Amino acid sequence: MRPLSDDVVITEGNAAFQRVMDALSADEPLRLVLCGPKGAGKSTVMQARGREKDLLSQRKALYAHGQEIMAAIDLEVNESLLEQVAQVDLLLLDGLDTLTDQGERGAQMAALLVAERNRQGLGTVLGFDGAAADLDLALFGGALDGFEVAEVAPLDRDGLIEYGRRMAARHGEADDAPQLTDEALAALADRFADDPAGLGTAVRFLLTARGFDAGHAISAADVAEALAS
């Protein structure tokens, strides 16, 4: 089974993703806020780093979403999760925007967690759906002082084509699977210019559910016909 990290496309516009992927082997704990629009790939790279083992490092990483942590606190369940997010070597905490949307309570929970992790010298990466200018660091009472804020951009056309190619490798592993041509990948990138998730879904549909013959070379015309129906 292909690791999730194979789906991460790193370009000039999201160069900070490489630092996330390398975080477990870094000399210093990574303290980083990834800002950018929904669909820019922040969750993908954070899940890839948080859910896959790094065989070259003894450090451990964990991916969690802010709402998952809030639910564990409110319902007084999943104590093991609360212990892990406080102690794991590298925490990838997604959904920072969903916490700030809750006002003082959500921001305070994030601030307390991050401050405790800072005290222990641990690494933390936060994901925020929105522009860096929309992130009010003052809400966190100094807990994010020393954090780098990196703005990441959605994939451009070339990046989307590469992402489509990686999705094709994931969903077209069978020997008798149809094949996406370069023109088909370009057509998909144009069609889903603002929706990488939709592109991935379309690739999976074309390769596994559309019913093309084994080894069929899927063309741009095939893409247009299949997705129009």
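The analysis underlying the following values was restricted to heavy atoms, covering all of them including side chains, and did not include hydrogens, waters or symmetry mates. Just so we're clear, the structure is a prediction, and the values are computed from it rather than from any experiment.
Counting heavy atoms from C-beta outward, Asp194 and Pro154 have side chains that stay 4.5 Å or more apart. Inter-residue side-chain proximity for Leu122 and Leu91 is flagged as unmet; no heavy-atom pair is nearer than 4.5 Å. Phe147 has its side chain within reach of Asn118: a pair of non-hydrogen atoms, C-beta onward, lies under 4.5 Å apart. Inter-residue side-chain proximity for Tyr163 and Thr44 is flagged as unmet; no heavy-atom pair is nearer than 4.5 Å. Residues Val85 and Leu93 fail the side-chain proximity criterion, which asks for heavy atoms closer than 4.5 Å. Residues Met109 and Gln102 have side chains not in contact (no heavy-atom distance under 4.5 Å, counting atoms from C-beta outward).
Scored by the side-chain hydrogen bond (donor to acceptor under 3.5 Å, both in side chains) test, Glu162 finds Arg165, Arg166 as partners (sequence neighbours excluded). For the side chain to side chain contact (heavy atoms under 4.5 Å, CB included) test, no residue two or more places apart in sequence or in another chain qualifies with Asp145. Legend: residues meeting salt bridge (charged side-chain N to carboxylate O under 4.0 Å, His left out) with Arg105, ordered by chain and number and at least two apart, are Asp74. By the side chain to side chain contact (heavy atoms under 4.5 Å, CB included) test, Leu112 pairs with Gln108, sequence neighbours left out. For the side chain to side chain contact (heavy atoms under 4.5 Å, CB included) test, residues two or more places apart in sequence or in another chain that qualify with Asp190 are Arg157. Listed by chain and residue number, Asp158 satisfy the side chain to side chain contact (heavy atoms under 4.5 Å, CB included) test with Asp156 (two or more places apart in sequence, or in another chain). The salt bridge (charged side-chain N to carboxylate O under 4.0 Å, His left out) check on Arg31 picks up nothing, with sequence neighbours excluded. Applying the side-chain hydrogen bond (donor to acceptor under 3.5 Å, both in side chains) criterion to Glu183, with sequence neighbours excluded, gives no partner residue.
The closest donor-acceptor contact from the side chain of Glu148 to the backbone of Gly146 lies at 3.5 Å or more, if one exists at all. A distance-only check finds a donor-acceptor pair linking the side chain of Glu52 to the backbone of Leu4 [under 3.5 Å]. Within the 3.5 Å criterion, the main-chain N or O of Ala209 finds no donor-acceptor partner in the side chain of Arg204.
No option in Leu206, Leu185, Val203, Asp6 other than Val203 meets the side-chain contact (heavy atoms from CB on, under 4.5 Å) test with Met167.
A donor-acceptor pair shorter than 3.5 Å can be found between the side chains of Asn78 and Ser80.
The environment of CD in Gln120 is crowded: more than 12 heavy-atom neighbours from other residues, nucleotides or ligands sit within 6.0 Å.
Under the salt bridge (charged side-chain N to carboxylate O under 4.0 Å, His left out) criterion, no residue pair touches residues 83-99, with sequence neighbours excluded.
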Evaluate Leu207 against Gln179 for side-chain contact (heavy atoms from CB on, under 4.5 Å), listing each step before the verdict. CA-CA 7 Å; Leu207 294 181; Gln179 303 296 315; over 6 Å; no

Run the numbers on Leu96 and Phe140 for side-chain contact (heavy atoms from CB on, under 4.5 Å), then give the verdict. CA-CA 11 Å; Leu96 184 62; Phe140 304 95; 3.8 Å; yes

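Alongside Val45, the hydrophobic cluster contains Val8, Ile10, Phe17, Val20, Met21, Leu24, Leu30, Leu32, Leu34, Met46, Tyr63, Leu90, Leu92, Val125, Val152 (criterion: ILVMFWY side chains under 4.5 Å).
Taking every heavy atom of both residues into account, Ala143 and Val114 meet most closely at O-CG1, 3.6 Å. Phe192 and Leu160 get closest at one heavy-atom pair: O-CD1, 4.0 Å.
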Can you give each donor-acceptor pair under 3.5 Å made by side-chain atoms of residues 212-222, sequence neighbours left out, with the distance rounded to 0.1 Å?
{"unit_1": "His216", "atom_1": "NE2", "unit_2": "Asp222", "atom_2": "OD2", "d": "2.8"}
{"unit_1": "Ser219", "atom_1": "OG", "unit_2": "Ala221", "atom_2": "N", "d": "3.3"}
{"unit_1": "Ser219", "atom_1": "OG", "unit_2": "Asp222", "atom_2": "N", "d": "3.1"}
{"unit_1": "Ser219", "atom_1": "OG", "unit_2": "Asp222", "atom_2": "OD2", "d": "3.2"}
{"unit_1": "Asp222", "atom_1": "OD2", "unit_2": "Ser219", "atom_2": "N", "d": "3.0"}

Review item, side-chain donor-acceptor pairs of residues 127-136, under 3.5 Å, at least two apart:
{"unit_1": "Asp129", "atom_1": "OD1", "unit_2": "Lys42", "atom_2": "NZ", "d": "2.8"}
{"unit_1": "Asp136", "atom_1": "OD1", "unit_2": "Ala138", "atom_2": "N", "d": "3.1"}

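Note: Leu199 CG to Ile161 CD1 = 9.5 Å, rounded to the nearest 0.5 Å.
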